[in-house]
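Data first, discussion second: the structure below is written as structure tokens.
Both backbone and side-chain heavy atoms feed into the values below; hydrogens, waters and symmetry mates do not.
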Amino acid sequence: MKKLVSLAALAAASITIPSVAFAQSADVVTTSPSIAEAEAFLARAEKDLFDFSVEGGRVAWVNSTYITDDTDALAAKYGEIGTEKSVQYALDAAKYQNVSGLSSEAKRKLDILRGGLVLPAPTTPGAAKELAEIATRLNSSYGKGKGTLKGQPINGSDIEAEMGTNRNPDELKEMWVSWHDNVGAPMKTDYVRMVEIANKGAQELGFADLGAMWRSGYDMPADDFAKLTDKLWLEVKPLYDELHTYVRTQLNKKYGDAVQGKTGAIRADLLGNMWAQEWGDIYDVVAPAGSGDIGYDIGELLKAKKVDEIGMVKIGEGFFSSLGFASLPESFYARSQFLKPADREVVCHASAWNIDNVDDLRIKMCIKINSNDFVTVHHELGHNYYQRAYNKQSYLHLNGANDGFHEAIGDAIALSITPEYLVQIGLLDASKVPSADKDNGLLLRQAMDKVAFLPFSVIVDKWRWGVFAGDIKPADYNTAWTKLRTQYQGIVPPVPRDVNAFDAGAKYHVPGNTPYTRYFLARILQFQFYKAACDAAGWKGPLHRCSFYGNKEVGKRLNAMLEMGASKPWPDALEAFTGSREMSGKAMLEYFAPLMKWLKTQNKGAKKGW
């Protein structure tokens, strides 16, 4: 569903979508509003929202790409206006919900207006202003955050890269602890206050709490959506459990019992990622003998071909062009942020934007020439092509069928980055394409990111839903966070954590107030989309070897789903491309079936679980 957010939250979103505008005053509604009044209200709201979103998007862009006290103040001001007036729109929309005879489209738009806020402020005087200031402060605090390495300051993007290549457990511990202490802990007071304000806003709109409001955007009751995520997780959990056992064994072999035990949970800082959310960067540590050496590294291939950061983007664009999509506008390359500027603070976290809701498409990254960012470029471009595909929809339908759809498109494309594709685009020599006996290595490398990510993408919002519902009190924030990470991921911090720590705040999407379940759904959906594309392309081999690069029929079918935007419930959009109305982990399990068989053999005799 559409996410109508304050501009401060907008700047923090993984994708950037139109923000909320405002009417000069609240709608005055008669005791029995008519269909005509409801439709007139929607027309006014959509025009206001569209017009204001362009100006607001520019403010948010400048704040994210040029962090100063002044741009923070501007973003907070626009965030205050957007939050305050978007709440009014939501309240007004609720007045028209039960009008008899409304079209399904009008009802859908009213639901989007009422339930689409990420951070709703109550109508209490000053609440919107305070909420916007807190949201901006949290976002900028993260953007300026630093850890240490060997006692020297290191910024966020550099520490992420270092965590992926450093194999010194003491230095990994230092980076993990310093980042969580320096970035997360100072946010806690602001975060507690923000939850208090936003919960009151959600309750004014008729929701039990902010978590229930977030879960309402999936064309089903909020509680049913929570059950759906649990069902999908349990479907794929056996694959994660096997992967965890294998990786733990390999880490124990490398570091010894004193650093990583043979049984139990895995030490979080050893997994190549600050949040242990994706483990691909330690593939060299866990790669199986023989089949583990797949013969190439995408980052090294790019460097050998002298492909620079913009060249990486050009390659990503080329994939979409091969499917029949039009080239990106020249303004995309003129206005995007591809590199971290040397002269100012910026938010490096990758995001995709459509400033004018038409074709002012941009990505914001601090690209590094490596495999991870090569995939991320494809991911962000997936957002941009989706944004452009639905740009003829009315304002409230300018979004994906659900937020998981938006995240899955680019990732489905990235699954098609097979060795054969790398040959097609001239990065890999045909003689170096790994043979079938290397498939376990290829699949393990993919699983280290795709499968390892699954439980983390579940617990971020599970934690927040508990916080919003009041089940997790401020005094227990960190204890609950660590408990969930251990329960679902089987990981533990490298050192005991203080009860007053705020480790959740060290993950961008928490202070940035970006709902995270979308990424879990995206992990599931991308394999459904990928399999549907491979089926449409007539692929007959193992699913993981399929590349649909250059297939115009796939592009045609994909665009048919993308151009729907949020105009129909997500099962309709899913069916349009895949033929199914249900999200399922079956395509993911099919993709990794050879690896699952291999992992079970490798793990024979090992104690599973933690």
Just say parallel, tilted or perpendicular for the rings of [X] and [Y], cut-offs at 30° and 60°.
X    : Y    : result
W610 : H244 : tilted
F319 : H378 : perpendicular
H379 : H383 : perpendicular
H349 : H509 : perpendicular

Strictly below 4.0 Å, N to O, side chains only: are [X] and [Y] in salt-bridge contact?
X    : Y    : result
R215 : D461 : no
K462 : D230 : yes
R445 : D449 : yes

Where do N391 and N357 come nearest, in terms of heavy atoms and distance?
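That would be CB-O, 3.5 Å.
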side-chain contact (heavy atoms from CB on, under 4.5 Å) involving P419 - partner list, sequence neighbours excluded
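By the side-chain contact (heavy atoms from CB on, under 4.5 Å) rule, P419 matches Y296, L428, V433, P434, L442, R545.
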Examine the side chains of T245 and K608 and answer whether a donor and an acceptor come within less than 3.5 Å of each other.
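Looking only at side-chain atoms, K608 and T245 do not form any donor-acceptor pair under 3.5 Å.
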Can you see whether F405 has R518 sitting over its ring - NZ or CZ less than 6.0 Å from the centre and within 45° of the normal?
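Here R518 fails the 6.0 Å and 45° test against F405.
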Can you confirm if the NZ or CZ of R523 lies within 45° of the ring axis of F453 and under 6.0 Å from the centre of its six-membered ring?
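Judged by the rule (NZ or CZ under 6.0 Å from the ring centre, within 45° of its axis), R523 counts as positioned above F453.
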